[in-house]
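Down below is the structure, laid out as structure tokens.
Within every chain, numbering begins at 1; the chains are lettered A, B, ... in the order of the sequence lines, protein sequences first and strands thereafter.
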Protein chains: 2
Amino acid sequence: MPKSTFLNLPVEKRQHIFNCALQEFARHPYEQASLTEIVNIADIAKGSMYQYFEDKKDLYKYVVQTVYQHKRSFLQSVWDMTDRVEFFSLVSLYYRQSWRYAKQFPEYHKVTANFWDSRDEALRAEILREKQIRSMEFVDLLQHGSRIGVIDTDVDQAAAWFVYHAVGKALIDNFLEQDVNAGAHEAFIDSVLSILEQGLRSRKGY
Amino acid sequence: MPKSTFLNLPVEKRQHIFNCALQEFARHPYEQASLTEIVNIADIAKGSMYQYFEDKKDLYKYVVQTVYQHKRSFLQSVWDMTDRVEFFSLVSLYYRQSWRYAKQFPEYHKVTANFWDSRDEALRAEILREKQIRSMEFVDLLQHGSRIGVIDTDVDQAAAWFVYHAVGKALIDNFLEQDVNAGAHEAFIDSVLSILEQGLRSRKGY
DNA sequence: GAATGATGTGACTGCCTGGTCACATGGGAG
DNA sequence: CTCCCATGTGACCAGGCAGTCACATCATTC
């Protein structure tokens, strides 16, 4: 919800300001991010920022929203395969693609990560909404997998979503800081997925 | 590393100050926690706090350390069963006990949660150390399970640890805010564990 | 009662924050 | 050249922060 002043700005300047805000919100969670620092780095007057946005939170929401659109379009290629690819392959593709996104646009990723575990009351509502959407998408996949017999029908679907979500988040968060060999990490992703696919229990009995 | 002045304080007062600091560090991550707020609530002079601790970080480290000892002793009963209980049951007990801890001492839990995803460089080192210890303990359990044939020997142990850690953390974090029926959540924990144990793939083939 | 050293105190400093506002600048219309 | 309105500006405000320090209080010792 930027003001019209911001939207009337030349694209170049608009992107410049967006990038500077992005950097700051990637480095710090919302509460600790400094608007003063942003305008300093962007080399614009503080008053100008208040011509463009209502306040700090307005700017933040704009950045988060833009980042989410960006990420969604990056992941779209995976969602487009839903009908053609089997459940486990699709999840593998999804995790790999998410990982590539985080690698390719680390600041964008960090902004979403910071947003995701934000404590701000006003933001929590939007986070929950976002979560619910993803949950529904995932459960759709699961049910499709059940129908075609790939997935055990006894599986508790809420629990399955929970596991995949927790693991997916951790897969990205924990390995972004270290510079992991990309290929190695994608292999690790598959190791992790294989555990979710097969579980740990010994198959000797069968 | 409190100063001797703090250690010489009557136990009652010491606990009072500890509790007030605990509340604040439970409510906010380190950077956003306010020392001024702590001394106001504790009803002591700010100068006094600096008689007891070197600085804010010193106080924080003391609180975190105390909390970790507290939690460890609470979970000790589970670790004591290592020799007598089978892997999957032990993990179930561990998750349940961790959950009960978070329920029973929510502030203590929140302090550890805040610490766990702290961004402070100086603290990261200690976090990694803590993580490594837990990882080793878990891999020990896994190897024991492999030896006695309960766990598939093909399982990638690093990946297994990763999955259990991610899921365990999420199991607590995500359900603490809502007041979930305790029994229901312990059932959910077992649903989640059953997925890790058996995976999702259909067993029809066997 | 005097002296001593440990403990308690809160006004104060310097710094940083988000947000404001009276003013300066610029470029197009008449 | 003048008017006008959108845009740009940075000194300034009130409030919060961690940390300091000169001083007050207290308990012990002699």
Side-chain angles (χ1 to χ4, degrees), chain A residues 1-18 20-64 114 118-123, chain B residues 1-18 20-64 114 118-123:
Chain A
M1 323 74 208
K3 297 184 181 176
S4 60
T5 324
F6 181 70
L7 300 173
N8 291 337
L9 246 39
V11 208
E12 195 181 294
K13 185 167 186 181
R14 228 161 59 200
Q15 283 182 345
H16 173 65
I17 291 172
F18 172 81
C20 295
L22 185 81
Q23 303 295 326
E24 181 69 6
F25 289 127
R27 252 194 286 276
H28 306 285
Y30 171 71
E31 292 86 353
Q32 283 162 244
S34 161
L35 215 155
T36 310
E37 182 72 4
I38 294 175
V39 298
N40 283 346
I41 289 181
D43 202 36
I44 62 173
K46 192 180 262 190
S48 296
M49 196 57 110
Y50 283 86
Q51 303 268 27
Y52 306 148
F53 298 93
E54 292 295 341
D55 51 20
K56 185 185 172 186
K57 187 165 286 180
D58 189 34
L59 168 63
Y60 182 63
K61 282 184 181 175
Y62 170 73
V63 170
V64 167
N114 281 336
S118 160
R119 314 172 137 264
D120 187 285
E121 272 307 317
L123 299 173
Chain B
M1 321 78 208
K3 296 183 181 176
S4 60
T5 324
F6 181 71
L7 300 174
N8 292 337
L9 247 39
V11 207
E12 195 182 295
K13 185 166 184 181
R14 229 161 58 200
Q15 283 182 344
H16 173 66
I17 291 172
F18 172 81
C20 295
L22 185 80
Q23 303 295 327
E24 180 70 6
F25 289 127
R27 250 194 287 275
H28 306 285
Y30 170 70
E31 292 86 352
Q32 283 162 244
S34 161
L35 214 154
T36 309
E37 182 71 5
I38 295 174
V39 299
N40 283 346
I41 289 182
D43 203 37
I44 62 173
K46 191 180 261 192
S48 295
M49 197 55 110
Y50 283 87
Q51 303 268 26
Y52 306 148
F53 297 92
E54 292 295 339
D55 51 21
K56 185 186 172 185
K57 188 165 287 181
D58 189 34
L59 168 63
Y60 182 62
K61 282 184 181 176
Y62 170 73
V63 170
V64 168
N114 280 337
S118 159
R119 316 174 134 263
D120 187 285
E121 272 307 317
L123 298 173

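In this structure the side chain of B/D120 reaches within 4.5 angstrom of the side chain of B/K57, judged on heavy atoms.
The CD-P distance, from A/E37 to C/dC15, rounds to 16 Å in whole Å. Rounded to an integer number of Å, the gap from A/L7 CG to D/dA6 C1' is 15 Å. In this structure, NZ of A/K57 is placed 18 Å from P of C/dT17, rounded to the nearest angstrom. Spacing between atom CG of B/N40 and atom P of D/dG16 amounts to 11 Å, rounded to whole angstrom units. One atom, CZ of A/F53, and another, P of D/dG8, lie 12 Å apart when rounded to the nearest Å. Regarding B/E31, its CD atom lies at a distance of 16 Å from the C1' atom of C/dT17, rounded to whole Å. One atom, CG of B/L35, and another, C1' of D/dT20, lie 13 Å apart when rounded to the nearest Å. One interatomic measurement links the two molecules: NE2 of B/H16 to P of C/dG8, which rounds to 13 Å at whole-angstrom precision.
In terms of position along DNA chain C, the nucleotide closest to B/S48 lies nearer the 5' end than the nucleotide closest to the other residue of the pair A/Y50 and B/S48. Closest-nucleotide positions on DNA chain C for A/G47 and A/T36 were compared, and the one nearer the 5' end corresponds to A/T36.
Residue contacts for A/T5: at a heavy-atom cut-off of 4.0 Å it reaches the sugar-phosphate backbone alone, with no base atom in range. Counting non-hydrogen atoms under 4.0 angstrom, A/K13 reaches the backbone sugars and phosphates but no base.
Put simply, the side chain of A/K46 and the base of C/dG18 share a donor and an acceptor less than 3.5 Å apart.
When all heavy atoms of A/I41 and A/C20 are compared, the closest pair comes out as CG2-SG, 3.9 Å. Pairing each heavy atom of B/R14 with each of B/L9, the nearest pair is NH1-O, 3.6 Å. For the residue pair A/Y52 and A/K13, the shortest heavy atom distance occurs at OH-NZ, 3.7 Å.
Side-chain atoms of A/Q51 lie closest to D/dT9 of the nucleotides D/dA18, C/dG8, D/dT9. The side chain of A/L9 approaches D/dG8 more closely than any other nucleotide in the set D/dG8, C/dT7, D/dA18.
B/F18 and B/Y62 have perpendicular rings, their planes meeting at more than 60° on a 0 to 90° scale where under 30° would count as parallel.
The side chain of B/N8 contributes an N or O atom lying less than 4.0 Å from OP1 or OP2 of C/dT7. Between B/Y52 and C/dG8 there is a side-chain polar atom (N or O) within less than 4.0 angstrom of OP1 or OP2. Under 4.0 angstrom from either OP1 or OP2 of C/dG18 there lies at least one side-chain N or O belonging to A/S34.
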